[in-house]
Amino acid sequence: MTAASRTTSRTSRPGTTGKTLRTRGGLSLRVAPRAAVVVLLLLAVAAAAAVALIGTGDFPMAPADVLRTLTGGGTPAQEFIVRDLRLPRVLVGLLVGASLGLAGAVFQSVSRNPLGSPDVIGFGQGSAAGALVVIVLFHGDPFAVAAGAVAGGVVTGLAVYLLAWRKGIHGYRLVLVGIGAAAVLTGVRDYLMTKADLVDATRSMVWMVGSLDGRDWGQVWPLLCVAAVLFPVLLGHGRALRMLEMGDDAAYALGVRAERTRLVAMGAAVLLTAAATAAAGPVTFVALAAPQIARRLTRASGPNLPASACTGAVLLVGADWGSQRLFGADQLPVGALTGMLGGCYLLWLLFTERKAGRI
């Protein structure tokens with residue numbers, strides 16, 4: 001796009017500063033400078049955390065050695081450690097974190113509720129229940145477990161959507177139905193655990209904690225393909241989701257097909273959550289915290305989809321690095337660490353929402 005083929009105008013929307021780039025063909029793109037800077041900084045932090053995580057382990061490597069190995073200049077031993085052992089784990093962490101952050105932003109935008117997160121309203125529990133059905137009842141291999149997690153998440157998402165439907169989807173109704181579904185699915189999960197033999201019970205417990213241990217390229221490629229398809233779909237609905245936050249009537253007046261947008265966005269977010277859970281287990285609270293942190297960093301209204309995805313990636317990779325560095329030989333699964341930190345964050349969020357009079 002050349003300077004002659006676009007005009008730049010500042011938006012007049014209160015509380016935001018941004019620029020709109022328009023082409024002669026009628027296409028336009030709104031750019032918020034602060035949000036763009038935040039996204040770039042988050043990408044830099046995610047890259048730095050990834051390099052630090054690759055260099056962490058029983059065979060520590062300096063960041064310079066990691067970068068040299070990634071560009072093909074390492075020794076055979078370094079090549080094996082980085083490319084075959086550690087790089088897939090880091091890529092899964094980045095993709096899972098970004099997927100959960102993006103899905104959380106979509107659900108919080110659709111429900112217009114900071115508690116509208118996949119792991120609060122039952123979608124994560126649905127994926128976990130689907131995986132446990134495959135493990136306990138069918139003794140499936142890892143591929144079958146991943147497929148069961150995806151199927152469980154999709155079925156749960158469809159059930160919650162249908163149960164919450166009443167001449168449209170209301171935010172608090174969606175959250176309440178989802179919390180009820182989460183409670184039911186937690187009971188199903190616990191029941192399956194009582195029926196499992198020792199081997200399957202141990203395997204189920206390891207999977208349910210949520211961990212990046214032992215992840216290889218077999219988890220990277222499917223998740224990368226899902227993200228390559230669904231990320232653009234959701235990012236392309238960013239403006240429509242922003243309009244939906246003002247209410248369906250306002251969205252219709254602005255030319256947004258509210259229910260179609262809501263259905264497509266929720267469907268894509270459910271699939272992202274299910275795929276992320278299939279790859280790393282039910283990693284909790286990343287989807288809850290990432291959109292709220294992104295909103296505070298950008299100070300922008302709307303779902304903040306790119307910033308939420310980048311924040312989720314930073315949170316998960318940072319948590320994985322912390323679980324390895326802070327606990328030494330007794331490495332804590334990343335899902336356990338995010339659960340502990342996320343529980344504290346949830347209490348703080350509930351306190352601030354109550355203080356503001358919203359709950």
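- Under a 3.5 Å cut-off, the side chain of Arg86 and the backbone N or O of Ile54 do form a donor-acceptor pair.
- Side-chain contact between Phe107 and Pro291 is absent, with no heavy atoms from C-beta onward closer than 4.5 Å.
- The neighbour count for Tyr252 OH, taken as heavy atoms of other residues, nucleotides or ligands under 6.0 Å away, is above 12.
- Minimum heavy-atom separation, Trp217 to Asp84: NE1-CA, 4.5 Å.
- Defined by atom type and a distance below 3.5 Å, a donor-acceptor pair is present between the side-chain atoms of Ser109 and Glu245.
- Residues Arg203 and Val136 fail the side-chain proximity criterion, which asks for heavy atoms closer than 4.5 Å.
- Ion pairing of Asp320 with Arg89 is present here, as a side-chain N (NZ or NE/NH1/NH2) and a carboxylate O approach within less than 4.0 Å.
- The minimum heavy-atom distance between Leu241 and Pro303, with the atom names listed, is CB-CG, 4.0 Å.
- Remark: Asp190 CG to Leu132 CG distance equals 9.5 Å, nearest 0.5 Å.
- A distance-only check finds a donor-acceptor pair linking the side chain of Arg296 to the backbone of Gln292 [under 3.5 Å].
- Across all non-hydrogen atoms, the minimal contact from Ala276 to Leu223 is N-CD1, 4.1 Å.
- Between the side chains of Thr298 and Asn304, at least one donor N or O lies within less than 3.5 Å of an accepting N or O.
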